[in-house]
Amino acid sequence: MTTDSPSPTDFIRRMIIEDNESGRFGGRVQTRFPPEPNGYLHIGHAKSINLNYGIARDFGGKFNLRFDDTNPTKEEEEYVQSIIEDARWLGADWEDRLFFASDYFDQLYAWALQLIEQGQAYVDDLSAEEIREYRGTLTEPGKESPYRNRSIEENLDLFKRMKEGEFPDGSRVLRAKGDMASGNINMRDPVLYRILHATHHRTGDKWCIYPMYDWAHGQSDSIEGITHSICTLEFEDHRPLYDWFVEQLGIYHPQQIEFARLKLTYTVMSKRKLLLLVNEGHVHGWDDPRMPTISGLRRRGYTSEAIRDFTERIGIAKNDSVVDIALLEYCVRQDLNLRAPRVMGVLNPLKVVITNYPEGQSEELFAINNPEDESAGSRKVPFSRELYIEQEDFMEDPPKKFFRMAPGREVRLRYAYFITCVDVVKDDAGNVVELHCTYDPATRGGDAPDGRKVKATLHWVSARHAVDAEVRVYDQLFTDANPNDPPEGKSFLDLLNPDSLHVLNGCKLEPSIQAATPGQRFQFERMGYFCVDPDSTPDSPVFNRTVTLKDTWARVQQQR
RNA sequence: UCGGGGAUCGUCUAAUGGCAGGACCGGGGACUUUGAAUCCUCUAAUCGUGGUUCGAAUCCACGUCCCCGAGCCA
């Protein structure tokens, strides 16, 4: 009844358990992830991968990676490589079972000949537009093509000549004989093959006819011995076709099961929209850290463990749903809290001079690398007369609940000393540019021997020892929780958040960060989780903010 | 309205004829050398109307609303 582990029996696993009990597939379980190489993987795909791979793993079955590469006009090798990399990074293991639908083109062709010979497929000369007209509408039946009753011999001849390249693109198609009056439009003589004189990323120019999804997918599953072919809801009314083809061919019959695709608030998930964002330059590529792509999330600093945890927490069902992106952020904080070493970094520096600290002197203070992980050890952080603190940690005229630095107030510098603000230096425009403070030498390490308390602990960096860095802070890509549903006359692009990226320069980081390499993740204490960007060099380090820490103070401020 | 699918706390998801549970979000509190983490705690739901039943989120009937489908895309 109550399960505290998040992974459990969703309706798909229950179906599999039933199949195993009835011996339907001989107790065998084999799943697959079937991406089309026409874009990068996104977190919706991660849901599918973790579902399919997780099922295979949990049931002691097998998992295949199969590219659904039946449309050479949209598919590219670059996408194949990125998908393999991302799927692996997510933790999926297909062992030696990396397949391509294009591996099966010969078999698919032979099966098409079989269907023609059985009198169940024909070559149609109607134009694309005519086919559409003949198909009818959602509420009215279609009518049969005048070419539907060609002889088997003529169909065989024409289809072979289609394959030989005798006809131009679009001039003919091979269609199955379905039922032009069916309420399910997929059954109204679906197209099996179209003529495409295009170079395929794997088969080159060998073919000029290419199978449609419906003709390729089920039979590919059948060839691979897939038991449970899991796909998303929009394929639900393709299932009768899926079943019909394998039955007519008399081949092994897998079970198609559909579940709801993932939607997330404040982002878009369709490959078409993501491609548009990339092509129109609204983001800097598929791996832009604001993208919901796997490569974007990785660059942002997400771990595959956090993503897997997320895909387990959201569950599997058939309800259309939109998951709050706050859950994803919760998952990555949860994971990074345990593994990210802490470091001090000031994003918006405010200079502090400790007036009673000797000029030219410095010392090293003890700091813990990760309070959640003792094995992470400790480090030394340099302290000196001139420091930086965060601008937002000082207010000249603080409201009631603000208990950070203010004139006359004493606070703790993390791992260092208690300091008291004695003077505020301003520029001509009245901006606070520097604080003069005194420190209490007796509070070294951060504890007052007399037991007095301070309400705030601030992070800081010694000015002389600081590493300058660029920090890229991100906000949601869209201002609207559901950019898929823009107001009348607007596009989802109109809902783009103009402030989704802020580049901060001159950020001050403690020197221990110097050796960090791209991909490394840190918690900047009190500020959030950050990760070294691939653009980073030893001379000019660049960090991405993965996510802020949960910020109670920020919430209090918003309520005011 | 032709076919297919779906409606449970704000969100996601359990309960498959027997106490509507969990997680996220939000509120309150404890603790605190991160306003973090952790811990405690609270708010909050069965689309509607009938029916069957000792008992209905679950079964039945009739409604309502939402999603998908008319690519030579997948």
Side-chain angles (χ1 to χ4, degrees), chain A residues 1-4 6 8-10 14 34-36 38 68 70-71 73-75 124 126-128 131-133 135-142 169-175 181-188 191-196 210 212-214 216-217 231-240 258 260 265 271-272 313-324 326-331 333-334 337-338 342 344 367-368 371-372 401-404 412-416 418 443 445-447 454-459 481 523-528 548-556:
Chain A
M1 175 160 279
T2 50
T3 48
D4 28 47
T9 38
D10 52 77
R14 268 203 293 270
E36 183 188 14
N38 68 341
D68 225 331
T70 58
N71 185 353
T73 65
K74 292 189 174 175
E75 296 153 5
D124 196 348
L126 252 27
S127 70
I131 286 180
R132 191 181 335 118
E133 284 163 6
R135 188 153 32 221
T137 70
L138 294 177
T139 53
E140 300 157 20
D169 288 4
S171 58
R172 288 187 163 86
V173 293
L174 183 72
R175 290 229 257 172
S182 173
N184 181 346
I185 288 182
N186 295 301
M187 301 303 283
R188 320 236 266 226
V191 173
L192 271 37
Y193 276 92
R194 72 286 214 189
I195 301 172
L196 247 31
Y210 290 92
M212 298 288 289
Y213 166 85
D214 285 307
H217 201 92
C231 60
T232 44
L233 252 27
E234 68 271 26
F235 293 102
E236 207 149 20
D237 46 14
H238 290 243
R239 178 151 37 93
E258 311 83 15
T265 56
K271 280 200 259 187
R272 195 200 116 247
R313 283 170 183 270
I314 58 178
I316 300 294
K318 296 188 75 160
N319 310 341
D320 290 309
S321 59
V322 184
V323 177
D324 193 334
L327 181 60
L328 216 210
E329 294 179 341
Y330 168 83
C331 290
R333 284 188 187 112
Q334 189 84 357
N337 176 49
L338 299 177
R342 316 284 122 129
M344 291 196 285
I368 290 169
E372 306 285 339
K401 288 181 181 165
F402 182 89
F403 46 83
R404 276 111 96 145
R412 170 168 40 234
L413 295 182
R414 177 95 157 141
Y415 297 125
F418 285 13
T443 58
D447 270 317
V454 287
K455 289 183 83 175
T457 299
L458 308 186
H459 62 280
Q523 183 194 108
F524 290 3
E525 292 214 28
R526 304 205 308 133
M527 299 307 286
T548 61
L549 257 29
K550 192 176 163 198
D551 191 345
T552 305
W553 169 240
R555 203 178 312 125
V556 169

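Lettering of chains follows the sequences in order, A, B, ..., and the numbering in each one begins at 1.
- Of the candidate nucleotides B:A74, B:C12, B:C25, B:C25 has the atom lying nearest to any side-chain atom of A:Tyr330.
- When the nucleotides B:G35, B:A74, B:U34 are ranked by their closest atom to the side chain of A:Phe402, B:G35 comes out on top.
- Inter-residue side-chain proximity for A:Thr548 and A:Arg333 is flagged as met; some heavy-atom pair is nearer than 4.5 Å.
- A sub-4.0 Å separation between OP1 or OP2 of B:A37 and a side-chain N or O of A:Arg333 is absent.
- An OP1 or OP2 oxygen of B:U38 is reached within less than 4.0 angstrom by a side-chain nitrogen or oxygen of A:Gln334.
- Distance alone, capped at 3.5 Å, is enough to place a donor-acceptor pair between the A:Asn186 side chain and the A:Asp237 backbone.
- Each of B:A74, B:G5, B:C24 was ranked by its minimum atom distance to the side chain of A:Ala326; first place goes to B:C24.
- The base of B:A74 sits within donor-acceptor range of the side chain of A:His238, with an N or O pair under 3.5 Å.
- Listed candidates were B:C72, B:A36, B:C73. Nearest to the side chain of A:Arg135 is B:C72.
- The base of B:U34 sits within donor-acceptor range of the side chain of A:Gln523, with an N or O pair under 3.5 Å.
- Side-chain N/O atoms of A:Thr457 and A:Arg414 include no donor and acceptor closer than 3.5 Å.
- Of the side-chain N and O atoms in A:Arg342, none sit less than 4.0 angstrom from OP1 or OP2 of B:U34.
- In this structure the side chain of A:Lys401 reaches within 4.5 angstrom of the side chain of A:Trp553, judged on heavy atoms.
- Closest to the side chain of A:Glu372, from the set B:G27, B:A36, B:A74, is B:A36.
- A donor-acceptor contact under 3.5 Å links the side chain of A:Arg404 to the base of B:G35.
- Contact of A:Arg313 with B:U13 (side chain to base): no donor-acceptor pair of N or O atoms is detected under 3.5 Å.
- Looking at heavy atoms from C-beta onward, A:Arg194 lies in side-chain contact with A:Asn71 at the 4.5 angstrom threshold.
- Not a single donor-acceptor contact under 3.5 angstrom links the side-chain atoms of A:Asp320 to the base of B:G6.
- Here A:Asn186 does not reach the OP1 or OP2 of B:G69: none of its side-chain N or O atoms lies under 4.0 Å away.
- You'll find that the side chain of A:Lys318 is closest to B:G6, out of B:A74, B:G6, B:G69.
- Taking for each of A:Asp551 and A:Ser321 the nucleotide of RNA chain B with the nearest heavy atom, the 5'-most of the two is the partner of A:Ser321.
- Residue order along RNA chain B, read from the 5' end via each residue's closest nucleotide, puts A:Leu138 first among A:Ala260 and A:Leu138.
- A:Asn319 has a side-chain polar atom (N or O) that falls below the 4.0 Å cut-off from OP1 or OP2 of B:U13.
- Counting only heavy atoms from C-beta on, A:Glu236 has its side chain closest to B:G5 among B:A74, B:G5, B:C12.
- A:Arg188 has no side-chain polar atom (N or O) that falls below the 4.0 Å cut-off from OP1 or OP2 of B:A70.
- Side-chain proximity of A:Arg14 to the nucleotides B:A15, B:A14, B:A23 is greatest for B:A15.
- Residue A:Asp10 has its side chain nearest to B:A14 when only B:A74, B:A14, B:A7 are considered.
- A:Thr70 has a side-chain polar atom (N or O) that falls below the 4.0 Å cut-off from OP1 or OP2 of B:A74.
- The backbone N or O of A:Met187 sits nowhere less than 3.5 Å from a side-chain atom of A:Ser182 that would complete a donor-acceptor pair.
- Judged by centroid separation below 5.5 Å and plane tilt below 30°, A:Tyr213 does not stack onto the base of B:A74.
- Within 4.0 Å of A:Thr457, counting heavy atoms only, lie sugar-phosphate atoms of the nucleic acid but no base atom.
- Nucleic acid contact for A:Thr552: sugar-phosphate only, since backbone atoms but no base atoms lie under 4.0 Å from a heavy atom of the residue.
- Side-chain proximity of A:Asp68 to B:A74, B:U11, B:C72: nearest is B:A74.
- Residues A:Ser171 and A:Ile195 have side chains in contact (heavy-atom distance under 4.5 Å, counting atoms from C-beta outward).
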